[in-house]
Amino acid sequence: MNQIVEDKLSKQNLVSVVEEELNATQIIDIHTHLYKPSLGAVGLWGIDELVTYHYLEAELFRSDDIAPEKYWALSKREQADLIWRTLFVENPPISEATRGVVAVLQALDLPTEGRDLSEARKFYAGQTLEAHIGKVFRLAGISEAVMTNDPLDPAEAPLWKDSPPHNLFHAVLRLDRVLEKWPEHWQKLQAEGYRVEQNPTPATIAEVRRFLADWCKVMEPVYMAVSLSDDFAFPENSIRAQLLRDAVLPACREFNIPLSLMIGVRRQVNPAIRLAGDGSGKADLRAVENLCREFPQNRFLASLLSRENQHELCVYSRKFANLMPFGCWWFLNNPSIVEEITRERIEMLGMSFIPQHSDARVLEQVIYKWRNTRRTMAPILANSYALLTEDGRPVTREHIRHDLDRLFRKNFQKFCGVAN
Ligand code: HDL
Ligand code: ZN
């Protein structure tokens with residue numbers, strides 16, 4: 001067979017080829033708070049949701065002297081008008097989150113310098129959710145989005161009855177209410193017919209297993225997930241550790257799916273600003289070390305909230321093949337930090353990690369979050385290939401295409417057992 005000899009790329013054209021191939025790569029967004037259309041009642045989309053995203057609310061409270069409780073008393077529309085005026089008209093939208101809204105408006109051919117949101121609201125009045133989802137995914141360059149689905153969320157759970165699968169979305173079984181808030185939620189399982197009590201007796205553990213299995217059959221999740229506080233420890237003498245060891249990890253093995261550990265949140269450091277009130281703390285990663293070593297049959301996705309935990313996560317990922325680091329999560333999803341995290345991951349892990357997820361809570365955020373990722377990652381990847389070329393190994397477009405496919409698709413598909 002005549003081997004097509006790919007032209008070896010010079011350092012100069014590495015950046016343009018990486019940019020081209022990044023733009024051509026259809027990314028799988030492995031962690032979002034988006035929902036398939038049949039769960040649309042709990043999904044957020046449109047200009048008022050985009051402008052009142054909790055990142056922007058936090059920035060409003062720094063730029064305007066409105067008291068939070070006065071802000072909460074406003075309607076969603078009045079909140080959006082206040083944020084638009086304060087962060088976009090009276091001040092340049094220079095932060096990551098405000099610039100993101102500008103990028104979305106530009107991508108949708110909507111005015112980015114308007115004195116108000118009237119044009120955007122007129123555009124949205126004519127949109128239907130399903131068609132808009134397809135357009136937004138195309139603009140973002142993503143082929144699928146992985147959801148966050150909480151079976152104990154009273155707003156979401158009932159919507160799963162007769163909810164059909166959707167080719168653009170994968171489900172995830174989210175376990176915060178089971179693992180982090182068991183005392184407040186065990187009676188919800190009891191009310192649904194699971195014979196549980198607050199103490200994790202063997203009978204209770206078996207019923208939690210049945211609960212997890214029932215929802216795995218309904219949702220067909222690609223992984224289970226939990227957001228854990230910065231003081232998470234394992235092993236520890238706690239209901240959380242016992243439910244994790246005796247119910248959740250065996251269930252992950254039973255359904256052959258990973259558990260995603262998102263560690264480092266310090267919940268509600270400022271309750272007055274509600275969803276915007278969570279903070280970040282450095283975690284003790286010996287918990288991750290112990291889990292990976294003691295449960296080699298389990299696979300763990302891991303995303304940590306503290307910048308100070310990132311390098312040791314790379315070291316642990318070199319020790320455990322059942323540990324897959326992913327994303328630059330939440331407060332880390334800023335170009336200055338994404339660059340540092342991604343460079344140390346490439347240096348220590350090659351292309352055996354998942355570089356990013358959008359964490360989008362409002363549909364249109366995937367447009368700016370993936371534009372930023374491509375823009376930030378292109379020079380980092382080009383630099384890695386330039387170093388390889390300088391050290392004696394020429395790089396071709398095919399090599400780059402292969403690596404991007406691994407980073408943004410295959411590593412997830414293989415680790416979670418998802419078909420291409
Ligand atoms: O727990 C999580 O999945 C976090 O991503 C939170 O949703 C966080 O509040 C968030 O929205 N980050 O963007
Ligand atoms: Zn999230």
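Please read these numbers as outputs of a predicted model, since none were measured by experiment. By convention here, the first residue in the shown sequence is residue 1. Order of appearance sets the numbers: ligands from 1, and atoms from 1 within every ligand.
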Got an N/O contact under 3.5 Å between Tyr53 and ligand 1?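 Min N/O separation from ligand 1 is below 3.5 Å for Tyr53.
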
Counting only nitrogen or oxygen atoms and a 3.5 angstrom limit, does Asp176 reach ligand 1?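 Looking only at distances, the answer is no, because the N/O contact criterion of under 3.5 Å is not met.
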
Could you tell me the residue and atom name of the protein heavy atom closest to [atom], and the distance to it rounded to 0.1 Å?
atom	answer
atom 13 (O) of ligand 1	Tyr55 OH, 2.7 Å
atom 6 (C) of ligand 1	Arg361 NH2, 3.6 Å
atom 9 (O) of ligand 1	Trp330 CZ2, 3.2 Å
atom 4 (C) of ligand 1	Trp329 NE1, 3.5 Å
atom 5 (O) of ligand 1	Asp359 OD2, 2.6 Å

Examine distances only and state if a side-chain atom of Asp176 and a backbone atom of Ser227 form a donor-acceptor pair shorter than 3.5 Å.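 Flag set: sc Asp176 to bb Ser227 pair under 3.5 Å.
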
Heavy atoms only: which of His31, His33, Met262, Arg174 is nearest to atom 1 (O) of ligand 1?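 Among His31, His33, Met262, Arg174, the closest heavy atom to atom 1 (O) of ligand 1 belongs to Arg174.
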
Within the 4.0 Å heavy-atom shell around His54, which atoms of ligand 1 are there?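 Answer, ordered by atom number: 9 (O), 10 (C), 11 (O).
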
Acceptor/donor pairs from residues 294-304 side chains to any protein atom, 3.5 angstrom cut, sequence neighbours excluded:
from   : atom 1 : to     : atom 2 : distance (Å)
Asn298 : OD1    : Arg253 : NH1    : 2.7
Asn298 : ND2    : Leu249 : O      : 3.1
Arg299 : NE     : Phe415 : O      : 2.6
Arg299 : NH1    : Asn256 : OD1    : 2.8
Arg299 : NH2    : Asn256 : O      : 3.1
Arg299 : NH2    : Phe415 : O      : 3.0
Ser303 : OG     : Phe326 : O      : 2.7

Heavy atoms from other residues, nucleotides or ligands near [atom1] of [X] exceed 12 (cutoff 6.0 Å):
X	atom1	value
Lys76	NZ	yes
Arg77	CZ	no
Glu184	CD	yes
Glu220	CD	no

Show me the side-chain donor-acceptor pairs of residues 377-388 shorter than 3.5 Å, one per line, residues at least two apart or across chains.
from   : atom 1 : to     : atom 2 : distance (Å)
Ser384 : OG     : Ile380 : O      : 3.1
Tyr385 : OH     : Asp403 : OD2    : 2.6

At a non-hydrogen distance cut-off of under 4.0 Å, which region of Phe331 contacts ligand 1 (side chain, backbone, both, or neither)?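 Neither; no heavy atom under 4.0 Å.
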
Closer than 2.8 Å to the Zn ion (ligand 2), how many protein N/O/S atoms do you count?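 Every protein N, O or S atom under 2.8 Å from the Zn ion (ligand 2) counted, the figure is 3.
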
Should the ring pair Trp84 and Phe88 be called parallel, tilted or perpendicular, given that the plane angle runs from 0 to 90° and is split at 30 and 60?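 Judged by the thresholds at 30° and 60°, the geometry between Trp84 and Phe88 is parallel.
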
Parallel, tilted or perpendicular, judged at 30° and 60°: which one describes the rings of Phe137 and Phe169?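 Phe137 and Phe169: tilted rings.
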
Is a side-chain donor-acceptor pair under 3.5 Å present for Trp330 with Asp359?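 Not at all, the side chains of Asp359 and Trp330 share no donor-acceptor pair under 3.5 Å.
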
Can you name the residues that form a salt bridge (charged side-chain N to carboxylate O under 4.0 Å, His left out) with Glu96, not counting sequence neighbours?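 Counting only residues at least two positions away or on another chain, Glu96 forms a salt bridge (charged side-chain N to carboxylate O under 4.0 Å, His left out) with Arg99.
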
